[in-house]
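Below is one structure; the comments refer to it alone.
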Number of protein chains: 2
Amino acid sequence: MPTMADVAKQAGVSKMTVSRVLAGRDVAATTRARVLAVIEQMGYVPDASAGSLSSGRSPFIVALVPSMSSSNFSDTIHGLNAAVNTHGLQLLLGDTDYSPDQEERLLRVMLAHRPEGVMLTGSYHTSGTRTMLDRAKVPVVETWDLPRTPIHQAVGFSNVEAAFAMMRHLHERGYRRIGFVGGATRLDRRGLDRQKGYREGLQTLGLGAPRVIEYGESPITMSHGGEAFTQLLAAWPDTDAVMCVSDMSAFGVLMECHRRGIAVPSRMAVAGFGDFEVSRHCFPRISTVSVDPLAIGRIAGEMLLAAADARKHGAPAQTQRRAIDFQVIVREST
Amino acid sequence: MPTMADVAKQAGVSKMTVSRVLAGRDVAATTRARVLAVIEQMGYVPDASAGSLSSGRSPFIVALVPSMSSSNFSDTIHGLNAAVNTHGLQLLLGDTDYSPDQEERLLRVMLAHRPEGVMLTGSYHTSGTRTMLDRAKVPVVETWDLPRTPIHQAVGFSNVEAAFAMMRHLHERGYRRIGFVGGATRLDRRGLDRQKGYREGLQTLGLGAPRVIEYGESPITMSHGGEAFTQLLAAWPDTDAVMCVSDMSAFGVLMECHRRGIAVPSRMAVAGFGDFEVSRHCFPRISTVSVDPLAIGRIAGEMLLAAADARKHGAPAQTQRRAIDFQVIVREST
DNA sequence: TTGAAAGCGCTACCAT
DNA sequence: ATGGTAGCGCTTTCAA
């Protein structure tokens, strides 16, 4: 592989001139053209490790999500990527599988690349994670939640409030025997917060005892929804509405209703969460809580860019919480 | 940030001993314990750039897919990640947005990290991409297709044959006026190959002129499917079966049938491609072509690991094509 | 506008 | 089992 020195010799200039050409700094037009021609002809590709080591700057942003196959999080990643790409930054992606320990493990490895910023999902992290982040002095943005005291910055919404809003909608529609279908893992905090919003809704609206089925590992699938609904019906046959932890399970519930000949919404209302594509297209279309995952990613990226820039100029890390709107979308299933 | 030298001094050993502890090489147990304690106490995190520069090895595998939000590709990435993670390798992910030019651009940036291997999607690449890959002497695996002459290795299946198999199924079921619903972009080669399989099916089975609607940018969505189906009906009202480029569009078609009161499959058969979750759960369940995206990723990872290992020992790049089975899954929609 | 030298933090190599 | 030295390929800094 040719190095910068090879290019320099071939072009009859010093390494520094080649470096300046690559960085887009002031170089005489004729010299620049000659250097670029040599680079092209030799197929020279700069070595990023050497560059990082020398400059003390890295081209990476770390992004850790519970699951990359969930459309929610892949949209957020897309938004983040779009925001930071324009500044020449690369994503270093990791999949925590909803485990804070896995998050810590991934972070440890990734911090070795001295990233310019870190995007995390949620606000529940191990103390090891917090310590590492603190020592690395890297800007951090937590997403998909609004912690009272973020590490540095946060962009998201209260899952409790969002679920509560859906409960209010169901109550207004006249449903009184409302069940909740969620996952069985204690690690999916956003799912647990939604369940909490459901419970607070019951209490505030005076709707009696909770009817909760916790079933399936996150990310929750359509199958989980259908099977959880079966359990819900067995336990509380007179249920008249189901609130689901995600649109995936809501679709599963809807199909199970179909199979059993349960009319939706006249005999059973079904509510989802997340406004996934399928909810807009199925029949009947599913009422849900809409958030903007792309915006969460984009804003997280902008926050990280600003913080990285501030850090370069020696400014201390700022604390900031940015709320993202959510909205109850009423469709035919409620 | 503490460096290895700081750790060494604090522990009263040389940098090399610290390096060996980190690499898990032979070090006296007492020394190792002392070094590890210092590392823990100082919060030392090794600098990956320095390590790579010095060792000439990188911890990266590059993976380029058309779209990360498509469940197909995110499953493949998952499989790849699982395979290479165990060997301490990190994915450097990129989203080409179905554009070979974007693929070339991303690859140029990513090759700067001197990856141990590269996973590409499909077999259609710019000459710039091929040249770069060739000069970088990095092992390459192409996925989701079976090119006659792969760059090095390939793992996938013939999209033409897979679509043809579905056509044979539709023919056996008695459908004779079969339409095809796909995307409008010329860049999604796998989509085009499926259309080719459809056309070959028509010809071989003696089914008359093609009824093709090309509509929507990849990745194809449920909306695209529904709208394309509307166009198909307008152009060829007597169509009795629709073959779709993906399960996403098939679901859109199915819902459009529902809206129009078109009975499936008695009045209109609907076939998908990819065996997405929704096809197994909707009503009627959609017949589709099942592939194993996870296995594609896993096998690509294994190939890359083997090739990277071989390269370390000076072996030349091998050529290999590995076929992945596909299967027509017959459900209620045909 | 360009160049020379120093050094970033680590590992390979050879010693001991 | 452990240490010293050299050097990976680049950018920073200073000088011309």
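Residue numbering restarts at 1 for every chain, and letters A, B, ... go by the order of the sequence lines. Keep in mind it's a predicted model, so treat the numbers as computed, not measured.
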task: Using the closest heavy atom to pick a nucleotide of DNA chain D for each, name whichever of B:Arg114 or B:Thr30 lands nearer the 5' end.
output: B:Thr30
statement: Between A:Gly51 and B:Ala28, the residue closer to the 5' end of DNA chain D by nearest nucleotide is B:Ala28
Rounded off to whole Å, could you give me the [atom1]-to-[atom2] distance for the [X] and [N] pair?
X        : N      : atom1 : atom2 : answer
A:Leu22  : D:dT11 : CG    : C1'   : 12 Å
B:Lys9   : D:dG3  : NZ    : C1'   : 16 Å
B:Lys15  : D:dT5  : NZ    : P     : 11 Å
A:Leu53  : C:dT11 : CG    : P     : 12 Å
A:Met1   : D:dC10 : CE    : P     : 10 Å
B:Arg34  : D:dA1  : CZ    : C1'   : 12 Å
B:Met4   : D:dG3  : CE    : P     : 13 Å
B:His113 : D:dC10 : NE2   : C1'   : 13 Å

Using OP1 and OP2 only, check whether a side-chain N or O of [X] sits under 4.0 Å from [N].
X       : N      : value
B:Thr3  : C:dC8  : no
B:Tyr44 : C:dC10 : yes
A:Thr31 : C:dT2  : yes

message: For a quick check of understanding: with a heavy-atom distance under 4.0 Å over all strands, which category does A:Ser52 fall into, base, sugar-phosphate or nothing?
response: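 Nothing: the residue A:Ser52, judged by heavy atoms under 4.0 Å, touches no strand.
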For the backbone of [Y] and the side chain of [X], can you confirm whether one donor and one acceptor N or O come within less than 3.5 Å of each other?
X       : Y        : answer
A:Ser19 : A:Lys15  : no
A:Ser54 : A:Ala50  : no
A:Ser58 : A:Arg114 : yes

Please write out the pairs of protein N or O atoms and N or O atoms of nucleotides 12-16 of chain D separated by less than 3.5 Å, giving the distance to one decimal.
none

- request: Check the pair A:Thr96 / A:Gln102 against side chain to side chain donor-acceptor pair (under 3.5 Å), numbers first and verdict last.
  value: CA-CA 5 Å; A:Thr96 68; A:Gln102 175 68 357; over 6 Å; no
query: Quick one: which of C:dC8, D:dG3, C:dC10 gets closest to the side chain of B:Val13?
result: D:dG3
statement: Of the listed C:dA6, C:dT1, C:dG3, the closest approach to the A:Asp26 side chain comes from C:dT1
- request: Could you note down all residue pairs passing ring-ring contact (aromatic ring centres under 6.0 Å, His included) where residues 32-65 of chain B supplies at least one of them, sequence neighbours left out?
  value: A:Phe60-B:Phe60, A:His113-B:Phe60, B:Phe60-B:His113
Report all side-chain donor-acceptor pairs from residues 295-316 of chain A shorter than 3.5 Å, counting only partners two or more places apart or in another chain.
{"unit_1": "A:Arg311", "atom_1": "NH1", "unit_2": "A:Lys137", "atom_2": "O", "d": "2.9"}
{"unit_1": "A:His313", "atom_1": "ND1", "unit_2": "A:Asp309", "atom_2": "O", "d": "2.8"}

- request: Kindly indicate, with the supporting measurements, whether the criterion side chain to side chain donor-acceptor pair (under 3.5 Å) is fulfilled by A:His152 and A:Gln318.
  value: CA-CA 6 Å; A:His152 298 146; A:Gln318 298 279 326; over 6 Å; no
